[in-house]
Amino acid sequence: MIADLKSLGFTEYEAKIYLETLLAAGVPKTAYEISKASGVPRSNTYSALGVLARKGAVLPVTENPTCYVAANPRSMLESLASQTAVTCNRAATNLERLAPKVENQYVWVLRGEESTADEINKLLGSATTSIWIKASDSVLRNHAAALKKAARKKGMRVMIVLFGRDKSEFEFSENCRVYIHENDGTRMGKADNLFTIVIDFNEMITVNASDQYVGARTRSPAIVTMASSLIRHDYYMAEIFQKFGDQITAEFGRYLARLRLDAYTPDQIDSFYENTGLER
């Protein structure tokens with residue numbers, strides 16, 4: 001809890017003092033009593049209580065001597081979040097005025113499941129006209145709520161190429177088209193833990209979620225165009241398989257084995273056999 005409070009801008013002394021007043025269960029405590037119970041030096045306790053009072057984390061409720069009680073944690077943190085959002089928005093506006101205009105050539109590295117998921121949901125929330133996705137159902141479920149909300153925006157067009165069997169799970173609106181990858185949905189090569197999202201044809205995120213979440217976010221036109229093309233060609237293949245699946249399988253083998261095994265790396269070949277269950 002101290003670590004969480006420190007990440008929100010509390011010093012260690014402030015965090016300890018707030019927790020101590022909270023544990024007092026509404027019984028007002030003097031600075032001396034709080035210092036003694038928390039182990040924070042008395043001189044530091046007085047200054048920390050002053051800061052906490054300005055933050056609204058503790059409330060002075062008596063005088064001569066001054067006694068303090070802890071503010072309700074949820075109310076205090078909601079107020080802090082609101083103040084922080086206002087400050088961040090103001091800072092962003094002012095900093096953008098200073099920032100020189102740059103080309104969108106940068107690629108931002110994303111690390112960690114929680115922060116990456118947050119970036120994906122923010123990207124989905126910012127979409128205005130289109131969302132293209134290639135992903136496995138297990139990964140896409142983590143973003144179902146954000147995707148559902150985005151898919152129901154007026155004029156939004158969504159296309160999903162799905163590694164999975166049940167496309168109805170992600171058909172959130174009449175403008176949401178879901179295609180089972182190659183009409184079968186089996187994960188292929190080393191792409192089984194990759195998912196890619198392109199919004200409005202100008203921004204994308206792609207993530208490898210196998211051993212750890214590592215991804216990239218960019219507005220680089222060249223990279224966004226490449227990602228859009230990959231998803232577009234998977235859409236073509238899904239439609240073609242619906243029409244000519246039996247003929248394609250007869251010519252190239254199940255899961256396009258003759259084509260894939262000729263082009264895959266050794267690691268991708270191992271993954272192919274593992275995912276499809278075909279014998280070598």
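- Side chains of Glu279 and Tyr273 form no contact here, defined as non-hydrogen atoms less than 4.5 Å apart.
- Taken to the nearest 0.5 Å, the CD atom of Glu182 stands 12.0 Å off from the CD1 atom of Ile180.
- Heavy atoms only, all atoms of each residue included: Ala146 and Leu124 are closest at CB-CD1, 3.9 Å.
- Side-chain contact between Ser228 and Val224 is present, with at least one heavy-atom pair separated by less than 4.5 Å.
- With sequence neighbours left out, the salt bridge (charged side-chain N to carboxylate O under 4.0 Å, His left out) criterion links Arg141 to Asp137, Glu169.
- Counted within 6.0 Å of CG on Asn94, heavy atoms from surrounding residues, nucleotides or ligands total more than 12; the atom is thus considered enclosed.
- A donor-acceptor pair shorter than 3.5 Å can be found between the side chains of Ser79 and Gln83.
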Begin from the C-alpha positions of Ile197 and Met204 and carry the test side-chain contact (heavy atoms from CB on, under 4.5 Å) through to its verdict.
-> CA-CA 5 Å; Ile197 299 174; Met204 62 157 290; over 6 Å; no
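- At distances below 3.5 Å, not a single donor-acceptor pair connects side-chain atoms of Arg177 with backbone N or O atoms of Val161.
- In this structure, Asp270 pairs ionically with Arg280, as a charged nitrogen and a carboxylate oxygen lie closer than 4.0 Å.
- The closest side-chain heavy-atom distance from Ile133 to His143 is not below 4.5 Å.
- Taking Asp118 as the reference, Lys122 meet the salt bridge (charged side-chain N to carboxylate O under 4.0 Å, His left out) condition, with sequence neighbours excluded.
- Note that OG1 of Thr93 is 11.5 Å distant from CG of Leu98, once rounded to the nearest 0.5 Å.
- The two residues Ile160 and Val158 have their closest heavy-atom pair at CG1-CG1, 3.9 Å.
- A donor atom on one side chain and an acceptor atom on the other are found under 3.5 Å apart for Asn275 and Ser271.
- What you find for Ala227 and Val198 is that their closest heavy atoms are CB-CG2, 3.8 Å.
- Within the structure, salt bridge (Lys or Arg N to Asp or Glu O under 4.0 Å) pairs that include any residue of residues 1-12 comprise Lys6-Glu12, Glu12-Lys16 (at least two apart or interchain).
- Take Arg111 and apply the salt bridge (charged side-chain N to carboxylate O under 4.0 Å, His left out) test, not counting sequence neighbours, and it matches no residue.
- Within the 4.5 Å cutoff, side-chain heavy atoms of Ile231 are placed close to those of Met159.
- To the nearest 0.5 angstrom, Ser173 atom OG is 14.0 Å from Lys154 atom NZ.
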May I have the step-by-step check of side-chain contact (heavy atoms from CB on, under 4.5 Å) for Val27 and Lys29, ending in yes or no?
-> CA-CA 6 Å; Val27 177; Lys29 298 288 184 180; 4.3 Å; yes
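- From Thr225, atom OG1 reaches atom CD1 of Ile223 across 10.0 Å, with rounding to the nearest 0.5 Å.
- The salt bridge (Lys or Arg N to Asp or Glu O under 4.0 Å) contacts involving residues 55-76 comprise Glu14-Lys55, where partners must be two or more places apart or lie in separate chains.
- Note that the SG atom of Cys176 and the NZ atom of Lys148 stand 11.5 Å from one another [nearest 0.5 Å].
- Judged as a salt bridge (Lys or Arg N to Asp or Glu O under 4.0 Å), the pairs with a partner in residues 220-245 (not counting sequence neighbours) are, in order, Lys134-Asp234.
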Stepwise, does the side-chain contact (heavy atoms from CB on, under 4.5 Å) test hold for Thr21 with Val69?
-> CA-CA 6 Å; Thr21 58; Val69 295; over 6 Å; no
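- Of all the heavy atoms in Thr218 and Ser220, the pair that sits closest is OG1-N, 2.9 Å.
- Residue pairs meeting the ring pair (Phe, Tyr, Trp, His ring centres under 6.0 Å) criterion with at least one member in residues 115-134, sequence neighbours excluded, are Trp132-Phe201.
- Applying the side chain to side chain contact (heavy atoms under 4.5 Å, CB included) criterion to Lys153, with sequence neighbours excluded, gives Met156.
- Applying the salt bridge (charged side-chain N to carboxylate O under 4.0 Å, His left out) criterion to Asp166, with sequence neighbours excluded, gives no partner residue.
- Minimum heavy-atom separation, Ala127 to Ser130: CB-O, 4.1 Å.
- Of the possible donor and acceptor atoms, one in the side chain of Thr62 sits under 3.5 Å from a partner among the backbone N and O of Cys67.
- Tyr68 belongs to a hydrophobic cluster whose other members, connected by ILVMFWY side-chain contacts under 4.5 Å either directly or through intermediates, are Met1, Ile2, Leu5, Leu8, Phe10, Tyr13, Ile17, Tyr18, Leu19, Leu22, Ile34, Val40, Leu49, Leu52, Val58, Met76, Leu77, Leu80.
- Between Thr276 and Arg254 there is no side-chain heavy-atom pair separated by less than 4.5 Å.
- The minimum heavy-atom distance linking Thr66 with Pro60 is given by the pair CG2-CB, 3.9 Å.
- Applying the ring pair (Phe, Tyr, Trp, His ring centres under 6.0 Å) rule to pairs touching residues 217-250 yields Tyr179-Tyr235, His233-Tyr236, sequence neighbours excluded.
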Between Phe272 and Gln268, does a side-chain contact (heavy atoms from CB on, under 4.5 Å) hold up when you go through it step by step?
-> CA-CA 6 Å; Phe272 174 82; Gln268 289 173 325; over 6 Å; no
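- In this structure, CG on Asn142 lies 11.5 Å from OG1 on Thr116, to the nearest 0.5 angstrom.
- Checked against side chain to side chain contact (heavy atoms under 4.5 Å, CB included), Ser126 has the following partners two or more places apart in sequence or in another chain: Leu123, Ile199.
- Taking 4.5 Å as the limit, some side-chain heavy atom of Leu110 sits within range of a side-chain heavy atom of Ile205.
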